[in-house]
Amino acid sequence: MKRFNLLVIIALFIFGCQNSDRDQDTSTNSSTDYAMGQSMVYDAFKLVHQAAMSSKGISVVNLADTVSLFGCDTIIVDTLSNPMSITIQFNGNCTGNGKVRTGSIMATFSGKYDVLGCLVNISFNNYGYSNYLISGTISYSYNGLNGTSPSYAYNPNKVIISDSTKSIEWSGNQSISIDAGELTAGVTDDSYTISGTASGVTYAGNEFSATIGAYLTLLGSCNWVSAGKVTVSPENKNPRVLDFGAGCDNKAIVKIYSLDYEIVFP
């Protein structure tokens, strides 16, 4: 009888610990920080892509020739240096597509932007995106057409996104295709699909990795990912499934075990 009671106590202890671990594993900060980083690193792509396709000498086919993206910024083009470059200088607090930007973004080009193999390197100079300061580097290359869609290998490299007290680190090994709007000037009618992986360090200091499901959908007119799912794996915790739903908003659902949690990100 004593042995039986001891086995019952051990079983209850193990079961209780499992329940406790599961009950306490409710953190969504890794998913929130991943989602924020994904939106911000692709905002830089949108801006550089639009500037490159609208600047004489940078691309072979210029859809337009413009000196500004939002009217409160200045596009500075240098086609004489090697590599060629574009600087997007935001004048004061420049508001475009609902976000305030300050500082500048610089991109260098190993060749014509729309020629196979062109390597683009993006850097930031005191660049502010709303209430966040962004630094680090992003590189990407033109891989040609995926069917009829231009495709790029996109690699953010330890991009730092900081507020007044803390920061996150965000890296990725991803691909992006422009599936609609490529043949028109501007990005508001564009539609992108994103696949691949990401990793980084959250505000709280824990590491994470992330794997996109089939793909994410990003619209040129939206500041956030519009659809798709990502498996986010925080350090020392079970994976979460991050579901961006459908439509343009800064909300998503994080599934942890069988429970759903709504998150909101900048």
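Note that the structure is a prediction, hence the values are computed from the model and not measured.
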Self-check item: Step-by-step side-chain hydrogen bond (donor to acceptor under 3.5 Å, both in side chains) determination, N238 to Y257
Solution: CA-CA 8 Å; N238 275 9; Y257 297 102; 3.2 Å; yes
Hydrophobic cluster membership, with links at side-chain heavy-atom distances under 4.5 Å among I/L/V/M/F/W/Y: are [X] and [Y] in one?
X: M106; Y: I134; result: no
X: V100; Y: F70; result: no
X: M36; Y: V232; result: yes
X: L219; Y: V187; result: no
X: M40; Y: I160; result: no

Quiz prompt | Any side-chain heavy-atom pair of N206 and K237 under 4.5 Å | solution =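 No; the side chains remain at least 4.5 Å from each other.
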Quiz item: Side-chain contact, heavy-atom cut-off 4.5 Å: Y215 with I194?
Solution: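 Of all side-chain heavy-atom pairs linking I194 with Y215, none is under 4.5 Å.
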With rounding to the nearest 0.5 Å, note down the distance linking [atom1] in [X] to [atom2] in [Y].
X: T28; Y: R240; atom1: OG1; atom2: CZ; value: 8.0 Å
X: Y203; Y: T165; atom1: OH; atom2: OG1; value: 8.0 Å
X: E169; Y: D33; atom1: CD; atom2: CG; value: 12.0 Å
X: D190; Y: I178; atom1: CG; atom2: CD1; value: 6.0 Å
X: S164; Y: L133; atom1: OG; atom2: CG; value: 11.0 Å
X: Y142; Y: S110; atom1: OH; atom2: OG; value: 13.5 Å

For the student: nearest non-hydrogen atoms of [X] and [Y], plus distance:
X: E207; Y: V201; answer: CG-CG2, 4.1 Å
X: S55; Y: V77; answer: OG-CG2, 3.6 Å
X: M53; Y: S59; answer: CA-OG, 4.0 Å
X: F265; Y: S39; answer: CE1-OG, 4.5 Å
X: S175; Y: Y42; answer: O-OH, 4.4 Å
X: L242; Y: A252; answer: CD1-CB, 3.6 Å

Quiz prompt | Verdict with supporting geometry, F124 and I138, side chain to side chain contact (heavy atoms under 4.5 Å, CB included) | solution = CA-CA 9 Å; F124 305 93; I138 298 171; 4.0 Å; yes
How about [X]: does its [atom1] atom have over 12 heavy atoms from other parts shown lying under 6.0 Å from it?
X: K166; atom1: NZ; result: yes
X: F244; atom1: CZ; result: yes
X: K229; atom1: NZ; result: no
X: N131; atom1: CG; result: no

Self-check item: Residue from T193, I176, L145, N146 passing side-chain contact (heavy atoms from CB on, under 4.5 Å) with S151
Solution: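 Filter result, single survivor: N146.
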Side chain [X], main chain [Y], donor-acceptor under 3.5 Å:
X: W224; Y: Q38; value: no
X: N62; Y: D65; value: no
X: D114; Y: V60; value: yes

Anything under 30° is parallel, anything over 60° is perpendicular, the rest tilted; go ahead and classify [X] against [Y].
X: Y34; Y: F208; result: perpendicular
X: Y113; Y: F109; result: perpendicular
X: Y140; Y: Y154; result: tilted

Quiz item: Are D43 and R101 within salt-bridge range, i.e. N to O under 4.0 Å?
Solution: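 Yes, this pair counts.
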Quiz item: Passes side-chain hydrogen bond (donor to acceptor under 3.5 Å, both in side chains), S226 versus T217? Steps please.
Solution: CA-CA 5 Å; S226 300; T217 299; over 6 Å; no
Practice problem: Among D73, T74, T102, find the residue that satisfies the side chain to side chain donor-acceptor pair (under 3.5 Å) test when tested with N91. | Solution: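 Option passing the side chain to side chain donor-acceptor pair (under 3.5 Å) with N91: T74.
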Exercise. Applying side chain to side chain donor-acceptor pair (under 3.5 Å) between N173 and each of N155, N157, T197, report the one that passes.
Key: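 One option only clears the test, and that one is N155.
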Quiz item: Going through the distances and angles, do T137 and N121 end up as a side chain to side chain contact (heavy atoms under 4.5 Å, CB included)?
Solution: CA-CA 7 Å; T137 60; N121 287 305; over 6 Å; no
Self-check item: Chi angles and distances behind the side chain to side chain contact (heavy atoms under 4.5 Å, CB included) call for I88, I86
Solution: CA-CA 7 Å; I88 308 171; I86 285 177; 4.1 Å; yes
Have [X] and [Y] got a donor and an acceptor in their side chains that come within less than 3.5 Å?
X: S30; Y: T202; result: no
X: N223; Y: N97; result: yes
X: S177; Y: D179; result: no

Exercise. Begin from the C-alpha positions of V120 and C118 and carry the test side chain to side chain contact (heavy atoms under 4.5 Å, CB included) through to its verdict.
Key: CA-CA 7 Å; V120 183; C118 176; 4.3 Å; yes
